There are 2 protein chains.
Amino acid sequence: MASGKPASGEDSLIARYFRPIATDPGAFQLDDDAAALRANGDDIVVTTDAIVEGVHFLPDDPPDTIARKALRVNLSDLAAKGATPAGFVLTLALRSADEGWLQPFATALGEDAAQFGCPLLGGDTVSTPGPAMISVTAFGRVPAGKMVHRSGARPGERVMVTGTIGDAALGLAVLKGGKVHAAASDAAARAMLVGRYRVPQPRVRLAEIVRAHASAAMDVSDGLAGDLAKLCGVSGVSAVIDLASIPLSDAARDLVSRGVVGVEALIAGGDDYEILCTIPEDRVEAFAAAAESVGIAVSSIGTVVGGTSAPKFIDQQGREVALERLSYSHF
Amino acid sequence: MASGKPASGEDSLIARYFRPIATDPGAFQLDDDAAALRANGDDIVVTTDAIVEGVHFLPDDPPDTIARKALRVNLSDLAAKGATPAGFVLTLALRSADEGWLQPFATALGEDAAQFGCPLLGGDTVSTPGPAMISVTAFGRVPAGKMVHRSGARPGERVMVTGTIGDAALGLAVLKGGKVHAAASDAAARAMLVGRYRVPQPRVRLAEIVRAHASAAMDVSDGLAGDLAKLCGVSGVSAVIDLASIPLSDAARDLVSRGVVGVEALIAGGDDYEILCTIPEDRVEAFAAAAESVGIAVSSIGTVVGGTSAPKFIDQQGREVALERLSYSHF
């Protein structure tokens, strides 16, 4: 992203919509080929996630929610790694430069960048005849060597998760119509679920707390069951999860209690962007108190155990529940 | 990019093709949500460039050349900023996971990563019904505060450029058929021009030399004329360029001398990935000698002058040549 003279189409697009939100000194007003993250002794944590029209967002989704989701799915990764946001770069692949779309997109992106302290540092704008795609690479800072990994879970530790699980998958189901839309007859409940799909709530305020207490962490993006299996696999452990302790919103609980969806479907649905982490038993209390102090609910959902088998999910009668599907996969 | 158990389609794709080339310790074997660039006191320079099928590469281009181009256009940016490569992340948007395409793509990417000392740190793989797109965000290191900007050019300095200009634009013209293909009757010349389009030669070895000598620099990606105008615009200066001194390959010079193309078209064509820089007069000799010592040809093509008018291009008779088009624009 760069703009000088003379202004070509791409350059004036950048100047008009994105320069006003690129206020960090390291962005050089988007006038250069590159940005700079100044050295301050911290490691730089790097994460990249792309969202594609028709896959991660719907063609009719409002541009402001698309912008927020593109950034927030990356902020969620940084938080799970214990990293404080430092900035991001953006690749926008669009069919056309539609002002009615770009203006609210850029405005919302700027608002989120300011809210989460993660400034736009640069990017690239390309035209494509295909579906729109927004790729974000985000940077965070951690003290040297202190990034929280997926690989640190140890038997005996508590498995914990933030917020509620399954709302975003239900929100997508509402948008697609069908039985969930029909069953979620309360407009406020429907709006909440759709909002959770369109605009994730990255747990940025939990980053330092995760760093202080978690032995392993990741964000839940492809479904709690599958993501837990990944964390356990990399850590060389297994887990036993109590299905009844999976935190659900009132709207989700209502749908489960009426038999519209099963909790198994909710933990295999994606787009939660909550933090899944393992906490040593003697730190659980301090972790929960610190999370509460920043207004983030955390729930204990099970225990890390030894072995390399897939995590087990146990119902209220103590029976293991087989899951047909663990997570969403692109291919 | 992350893979644990159980392997989903996306995860096994990553494990199979990309984990073998993600050998840097900061990539955590692609087993985590994020990578880490370890603090060593340097600033981190960040650049991002995407290439789209049908726009920046052709559907029939070999997958190995597409991989190399995706990485090299970013390495070119780093070199122009005086930065030593430190790693990159990749977003691959593909219609399908075709092994016959992915294997040579990943192998070539790994070879280039090793050759240029720029390891794969992570990425994201998404499916798209549209054209393939490869977005790379690359990182480089410079001593604190030492990134080379576009904005430092001052009147009286020399305008210099590496390599030769216009070959890639001619290579694209060859691939598209038409008069350039017909005129470039020598198969070796055609192959050279196509090779320059498909596989840029980033001037990575010049990075430290640019940092030591250049007052301003950028890479030439959208056409020399337009890119020079951008550099001058940001620096608040103008320039006078001697068209006869623009460095051309033998193949390009032959086509110009036979009237097939004009030099104006070559300096408005894109995809050169050479370095354009301004060098204070008293450093020109040292810059040229240092460039020669790493085997990179540099040419003096004009002078920075005061004022804010567009750069002037002068022919051998000293007349100003008007350019119809300065550069390629996506919108």
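No hydrogens, no waters, no symmetry mates; every other heavy atom, side chains included, goes into these values. Order of the sequence lines fixes the chain letters, A, B, ..., with proteins taken first and strands second; residue numbering starts at 1 for each chain. Note that this is a predicted model, so its numbers are computed, not measured.
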Tell me, out of A/D219, A/V45, A/N74, who's got the most heavy-atom pairs with chain B below 4.5 Å. A/V45
Output the residues of residues 129-139 of chain B for which the shortest heavy-atom distance to chain A is under 4.5 Å, in residue-number order; output 'none' if no such residue exists. B/P129, B/G130, B/P131, B/M133, B/S135, B/T137, B/F139
Taking A/V234's backbone N and O only, do any of them form a donor-acceptor pair with B/D31's side chain (distance below 3.5 Å, no angle check)? no
With side chain to side chain contact (heavy atoms under 4.5 Å, CB included) as the test, would you mind laying out the steps for A/V55 and B/T128 before giving the verdict? CA-CA 8 Å; A/V55 181; B/T128 173; over 6 Å; no
So does B/A50 get a backbone contact from the side chain of A/D124, meaning a donor-acceptor N/O pair under 3.5 Å? yes
Nearest atoms (heavy-atom pairs only) where B/T91 meets A/T48: OG1-OG1, 3.5 Å
All heavy atoms of B/M147 vs all of A/A36, minimum pair found to be SD-CB, 4.2 Å
So salt bridge (charged side-chain N to carboxylate O under 4.0 Å, His left out) across residues 127-148 of chain B, not counting sequence neighbours, yields none
Within residues 75-89 of chain A, which residues come under 4.5 Å of chain B, heavy atom to heavy atom? A/D77, A/K81, A/V89
Max heavy-atom pairs within cutoff under 4.5 Å with chain B, candidates A/S235, A/S151, A/G145, goes to A/G145
Please name the pair of heavy atoms, one in B/R150 and one in A/D32, separated by the smallest distance, quoted to 0.1 Å. N-OD2, 3.0 Å
What part of B/D49 gets within 4.5 angstrom of chain A, counting heavy atoms only: side chain, backbone, both, or neither? both
Looking only at A/V52, A/T47, A/I44, the option with the highest number of non-hydrogen pairs under 4.5 Å against chain B is A/I44
Please enumerate all residues that pass ring pair (Phe, Tyr, Trp, His ring centres under 6.0 Å) together with A/F28, with sequence neighbours excluded. B/H149
